[in-house]
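Notes to accompany the following structure.
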Number of protein chains: 2
Amino acid sequence: MPRNKTYDNDLVLEKAMNIFWINGYEGTSVRMLEKEMGINQFSIYASFKNKKNLFINALRKYREHVIKNRFQPLLQEEAGFAQLENFLLSAATSKNGKDEKKGCLVVNTAGEIGEHDPDIALEINQYYDFIRSMILKVLQNAIKKDEIPTNTDIEKQASFFLGVMQGISVASKTMNSSQLNDFVSIALAQIE
Amino acid sequence: MPRNKTYDNDLVLEKAMNIFWINGYEGTSVRMLEKEMGINQFSIYASFKNKKNLFINALRKYREHVIKNRFQPLLQEEAGFAQLENFLLSAATSKNGKDEKKGCLVVNTAGEIGEHDPDIALEINQYYDFIRSMILKVLQNAIKKDEIPTNTDIEKQASFFLGVMQGISVASKTMNSSQLNDFVSIALAQIE
DNA sequence: TCATATTCTAAGCGTACGCTTAGAATAAAA
DNA sequence: TTTTATTCTAAGCGTACGCTTAGAATATGA
C-alpha cells in the first residue's frame, strides 16, 4: 500500500555525517542538512526523528567510515605491529588529504559536547572501547609474531597508543606533516 | 567627567572564560554570559565589542589561567625533565579535579571551530607555539642537567610531548586515571 | 552646583533556530 | 480501478539567537 521513499537512508546519512564532520553539531543547522542531504525537513524528521538522533546515527556511520577507510588493515585477523606502524605513519602524513584536515569527528564531538549530553557521551565511549580493543588485539598479535617483547604490558601500551591517536586527531589541525611524523615516530620507537 | 564602571573587566572576563570552557562557543549564549558575568548585554557589548571578540579575549585569559595554575613550574628558568615529568603525571592523575573534566579550552575550541574562523584559528596556533617553545626550553635544560641524553633531538621530542599533551586533553574525557597514568608513563619512559 | 560624558536598565529589533502540519502526490494492495 | 497507507511539498509555528537602542542614572571636571 505505501508509497516508496525517493532517497536511500544510508546514503543521505553519509551526507549528514560529512556536514557534521565539517561544521560540528551546533554549527550544522537543519537547513544546511536538508540542502546537503538533498531531502527536506519533513523527510529528515520522518527518517531520523530529530537532529540529535540524526547526529548519533551519523556518529555510528562515521565508525563504519573509518573502519572502511582507515582501520581495515588493523582489523585483519593477523594484523600486528607492522600494520599499526603503517596506520599511524600514514595518518600522520596524509594530513593534507581530504579527511584529516577535519580531524576526527569523535574527538571534535568530545570537545564540543563532551559529557553534556549523556546519549552522545555514551556513543563516544563506545567508539573508544572499540578502538582500544582493536589496538589490544593488534598488540597481542605483535607479541605472537615477535615484533615486540613478550613481556610487553599490552594494556598499558593500548592506553598509550589510544592516547597517541587522540593526540594525532588534535595535532592534525595544528602541526605540519613533518612534526606529526616526528610525533608518531617517537611513539612507535618506544616499544622496540 | 565620565561615570565609572561598576565591574572589573578582568574579573568578568574570567567568568566568561569559565562558561565558555564548560559549554563551548556555540553552546554559550549571550543570555548565559550576562547571567554568569553578572552584567547585562549592553555592558558586555560595550566592553568586549561582540561575542566572538569576547571569546578571543577569553582564550587569552585561559592562557594566563593555565600558566598560573599548571605551567608555572615549567616556566621557571631552570625547569628540566623532572618538572615535565611532574607536570604530565599530575595532569594525568588530577583528572578528577575541577579543571580537567572540562578538558582543555583550546583543544575543545580546535574541535568545535577549528579552521572555520581564521581569527580563532590564529589564537589556537599562537597558544600551541607558546607551549611548544616552553617544552623546547625545558628539554634544553634537561640536556644541560644530564637528565636526558645529549644527542636527544629536542625538536622532535617537543613535537612528541606536545602531541601527548593534546592527547591527554582528549583522553581526560574518555580514560580513567589509571589509564591516563599508563599513557603518560610510557610517554615519559621513551626518552630515558 | 551644574554641565557632561559615560554606564546602566530594560525593552525590543530582525533573523535563524529546531520542529510541525495541512494538503497534494504517489505507489502498492484489493 | 479504486482504496489506502505513506511520502512529499511548502508554509509557518514558537522560541532563542546575537545585537541595538532610547532614556534614566550617575560620577566626574569645571
- prompt: A/Phe42 CZ to C/dT26 P: how many Å, rounded?
  reply: 15 Å

task: Measure from NZ or CZ of B/Lys51 to the centre of the six-membered ring of B/Phe20 and say whether it is under 6.0 Å with the direction within 45° of the ring axis.
output: no

message: With a cut-off of less than 4.0 Å, is there a side-chain N or O of A/Thr6 near OP1 or OP2 of D/dC8?
response: yes

message: Tell me the interatomic distance from B/Tyr45, atom OH, to C/dA10, atom P, rounded to whole angstroms.
response: 18 Å

With 3.5 Å as the limit, what N/O pairs link the protein to nucleotides 13-17 of chain C?
unit_1	atom_1	unit_2	atom_2	d
C/dC17	OP1	A/Ser29	OG	3.3

Interatomic distance where CD1 belongs to A/Ile44 and P belongs to D/dT9 [whole Å]: 12 Å

Residue A/Asn4, side-chain atoms from C-beta onward, closest of C/dA28, D/dT20, C/dG18: C/dA28

query: Expressed in angstrom and rounded to an integer, what is the separation of B/Glu34 atom CD from D/dG18 atom C1'?
result: 11 Å

- prompt: Can you name the side chain to side chain contact (heavy atoms under 4.5 Å, CB included) partners of A/Glu85, sequence neighbours left out?
  reply: A/Phe81, A/Leu89, A/Leu188

message: Mind checking if B/Asn40 touches a base, just sugar-phosphate, or nothing, with heavy atoms under 4.0 Å?
response: base

statement: When rounded to whole Å, the NZ to C1' distance for the pair A/Lys5 and D/dA5 reads 14 Å

query: In terms of ring plane angle, is the pair B/Phe87 and B/Phe71 parallel, tilted or perpendicular, where the classes change at 30° and 60°?
result: tilted

task: Kindly assign one of parallel, tilted or perpendicular to the pair A/Tyr62 and A/Tyr127, based on the angle between their ring planes and the thresholds 30° and 60°.
output: tilted

field: Whole angstrom value for the distance that separates C1' of C/dT20 from NZ of A/Lys49
entry: 16 Å

- line: From CD of A/Gln41 across to P of D/dA11 the rounded distance in Å is 13 Å

- prompt: Does the side chain of A/Glu36 come under 3.5 Å of the side chain of A/Thr28 through a donor N or O and an acceptor N or O?
  reply: no

task: Using only side-chain N and O atoms of A/Ser43, determine if any of them is under 4.0 Å from OP1 or OP2 of D/dC8.
output: yes

task: For B/Ser178 and B/Asn181, test the side chains for any donor-to-acceptor distance below 3.5 angstrom and give the result as yes or no.
output: no

field: Phosphate contact (C/dT7 OP1 or OP2) by B/Tyr7 side-chain N/O below 4.0 Å
entry: no

query: What integer distance in Å separates B/Met37:CE from D/dG18:P?
result: 13 Å

message: Can you confirm whether the side chains of B/Lys102 and B/Asn18 place a donor and an acceptor under 3.5 Å from each other?
response: yes

